[in-house]
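I have placed the structure first, in the form of structure tokens, so that the comments after it can refer back to it.
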Amino acid sequence: TLANADATTLAGTNQASSLTVDAGGPVTFGAATSDSTAVTNDLIVQGVGGSGAAGGAVTQVGTLSVGGTTSIDAGARDITLQGANTFAGNVALTGDDVALATGTGDLSSSGTVSGNLTETSAGAITQGGALSVTGDSMLTANGGVGAITLSNAANALAGPITLAGGAVTLANADATTLAGTNKVGSLTLDAGGAVTFGATSSDSNTVTNDLIVQGVGGSGATGGAVSEVGALKVGGTTSIDAGTHDITLQGTNTFGGDVTFIGHNVALTTGSSLTSSGAASGTLTEIAKGPSSNLNIGTLSADGDVLLIAGSSILGAAPQATLTANDVELRYGIENPNAQLSGKSGSSQQLGVTAATGSQVTLTVWAPQGSPGAGTVLRQGTSNFQLTQNDFPTGLPSLVAALYGAPYGTSSAEIEAQLSTSLSIATSSSFQASPTLSTQLADASTRLGKSVLYIDWGSYNPNVRLFGTLNPAICLPAD
């Protein structure tokens with residue numbers, strides 16, 4: 001035990017079974033880079049009276065090796081131990097800006113940081129108790145491939161967080177913002193507040209394998225909305241449970257595996273194909289941009305409007321793929337005139353549309369220039385509403401092809417259909433159909449009942465919508 005009212009510098013080679021420094025001033029481990037301090041068991045740095053905070057910052061010039069636990073209370077001053085250190089046990093700390101590093105082994109910490117926290121470990125990063133950080137947190141484990149496990153639900157990381165690691169689990173009772181360049185092997189965020197990917201548009205978040213966003217206790221819903229400012233790239237599956245909060249991921253994203261979600265208003269955008277299943281208690285918007293980008297639908301449901309837009313095809317991800325909602329708009333083939341709507345290549349890709357409440361679905365379809373062919377189908381929504389090729393009366397597949405085709409001077413169509421014991425088709429008086437199309441409509445209406453057909457253009461812009469009475473004045477290119 002060493003008490004010193006002045007600044008304390010441990011120079012040369014220092015060895016102790018255990019070491020307690022009661023410091024009235026700053027503490028420095030080493031006077032030269034060749035100096036070393038080795039403590040076999042525990043290290044304590046505290047105030048000169050034997051408790052409280054040291055009288056100055058805690059730093060190092062040489063190396064520090066501690067075989068047991070480390071406790072450093074620097075109060076409102078900095079702790080800077082960024083040498084090739086070894087901390088065999090947990091490092092409990094109190095300080096302003098805190099920087100810890102190891103040259104060998106893992107790094108475990110706990111405590112309160114009133115400024116920024118930087119941890120650089122030669123192995124994994126773990127914790128022996130809760131961490132509270134007011135400023136930024138920057139964590140790097142084993143050059144970006146080591147595990148980072150900060151799973152204590154009492155963690156409070158108030159500022160932006162930057163991660164470089166392999167398998168990462170991060171629990172945070174506060175709002176979580178992943179800022180800068182984040183690259184991890186897998187990422188589990190246990191979030192007590194909102195989650196934001198990126199603090200600026202230039203920020204990026206890359207997850208090589210799977211992404212999970214859930215409640216702070218390791219299950220259930222996050223404590224706030226999930227959104228982004230920078231881009232998000234996930235190589236594996238993505239699972240987001242935002243409960244009653246919104247999910248808004250509308251940047252230049254990539255989702256390499258299936259995306260599952262629970263949220264209120266949900267909006268997902270990718271620059272490639274997207275496979276998804278989930279439930280939205282509000283609205284649902286999914287957009288897959290690019291000439292070869294498909295939307296592959298598993299099981300989707302929404303209490304509000306659903307808008308699905310694909311540069312190429314919209315397909316069922318499984319034979320019993322189901323979309324449950326009352327207002328559904330499908331735009332496909334925005335950049336690919338050969339795109340398909342649900343199962344042209346086989347029943348394994350067909351998509352069912354089912355009413356969420358009551359007995360009515362409003363279905364809007366925007367198709368690419370040119371005929372999608374008679375094989376384009378929507379499959380078994382309910383017993384009263386089946387838009388499959390087999391269920392269509394004779395001539396209806398050709399009607400669908402003719403309606404979407406170039407001969408009628410349009411690149412897309414909107415179909416509003418009622419769920420009833422029979423489906424019917426009729427045209428608005430302002431709809432200028434060719435004699436052939438009029439004949440097909442009349443023939444279909446005698447078998448099916450009534451529905452309304454509209455013509456308009458497709459667009460990636462989710463704000464371009466057409467519901468209600470046809471107005472020829474708005475039948476113009478949307479963008």
Side-chain angles (χ1 to χ4, degrees), residues 108-110 124-133 137 139 141 146-161 163 165-178 182 184-198 205-228 232-249 253 255-268 274-282 284 286 298-303 317 322 324:
S108 173
S109 65
S110 61
I125 290 178
T126 61
Q127 62 185 140
L131 274 171
S132 176
V133 182
S137 297
L139 309 173
I148 300 175
T149 307
L150 301 180
S151 55
N152 191 313
N155 290 336
L157 309 180
I161 302 166
L163 302 169
V168 176
T169 298
L170 176 66
N172 187 10
D174 291 343
T176 300
T177 299
L178 297 183
N182 292 273
V184 298
S186 62
L187 177 60
T188 298
L189 294 178
D190 298 341
V195 174
T196 305
F197 293 96
N205 294 274
T206 301
V207 182
T208 304
N209 299 305
D210 300 340
L211 168 66
I212 299 173
V213 182
Q214 59 190 3
V216 70
S219 63
T222 61
V226 178
S227 61
E228 70 181 334
L232 176 61
K233 182 178 181 180
V234 183
T237 61
T238 298
S239 174
I240 302 175
D241 185 349
T244 58
H245 304 287
D246 293 346
I247 301 172
T248 309
L249 300 176
N253 303 311
F255 299 102
D258 295 355
V259 178
T260 58
F261 60 82
I262 299 173
H264 181 51
N265 296 317
V266 178
L268 304 175
L274 172 63
T275 300
S276 65
S277 293
S281 57
L284 172 61
E286 294 188 1
T299 300
L300 293 178
S301 66
D303 293 341
T322 304
T324 302

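Since the model is a prediction, treat every value here as computed from it, not as a measurement.
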May I have the list of side-chain donor-acceptor pairs in residues 205-224 shorter than 3.5 Å, sequence neighbours left out?
from : atom 1 : to   : atom 2 : distance (Å)
N205 : OD1    : N182 : ND2    : 3.1
T208 : OG1    : V184 : O      : 3.4
N209 : ND2    : G185 : O      : 3.2
D210 : OD1    : T237 : N      : 2.9
D210 : OD1    : T237 : OG1    : 3.3
Q214 : NE2    : D190 : OD1    : 2.8
Q214 : NE2    : G218 : O      : 3.1
T222 : OG1    : G224 : O      : 2.7

Could you pull out every donor-acceptor pair under 3.5 Å between side chains of residues 238-247 and any protein atom, sequence neighbours left out?
from : atom 1 : to   : atom 2 : distance (Å)
D241 : OD1    : G243 : N      : 3.0
D246 : OD1    : N265 : N      : 3.0

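No side-chain heavy atom of I148 sits less than 4.5 Å from a side-chain heavy atom of L170. Using a 4.5 Å heavy-atom threshold, the side chains of F255 and T275 count as separate. Using a 4.5 Å heavy-atom threshold, the side chains of V226 and F261 count as separate.
Note that OG1 of T322 is 9.5 Å distant from CG of L300, once rounded to the nearest 0.5 Å. Between the OG atom in S137 and the CG atom in N172 there is a gap of 8.0 Å [rounded to 0.5 Å]. Taking CG of L139 as the reference point, atom CG of L131 lies at 8.5 Å (rounded to 0.5 Å).
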Practice task
Verify side-chain contact (heavy atoms from CB on, under 4.5 Å) between I125 and L150, making sure each step is shown before the conclusion.
Solution key: CA-CA 8 Å; I125 290 178; L150 301 180; 4.2 Å; yes
Practice task
Could you walk me through whether V259 and E286 pass the side-chain contact (heavy atoms from CB on, under 4.5 Å) test, one step at a time?
Solution key: CA-CA 11 Å; V259 178; E286 294 188 1; over 6 Å; no
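Contact detail for S277 and G298: the closest heavy-atom pair is OG-CA, 3.3 Å. Heavy atoms only, all atoms of each residue included: A130 and A154 are closest at CB-CB, 3.8 Å. Closest of all the heavy-atom pairs between A167 and S186 is CA-OG, 3.4 Å. Contact detail for G128 and S110: the closest heavy-atom pair is C-CB, 4.2 Å.
In this structure, the side chain of T188 does not engage the main chain of T169 through any donor-acceptor pair within 3.5 Å.
Residue pairs meeting the side-chain hydrogen bond (donor to acceptor under 3.5 Å, both in side chains) criterion with at least one partner in residues 150-160, sequence neighbours excluded, are Q127-N155.
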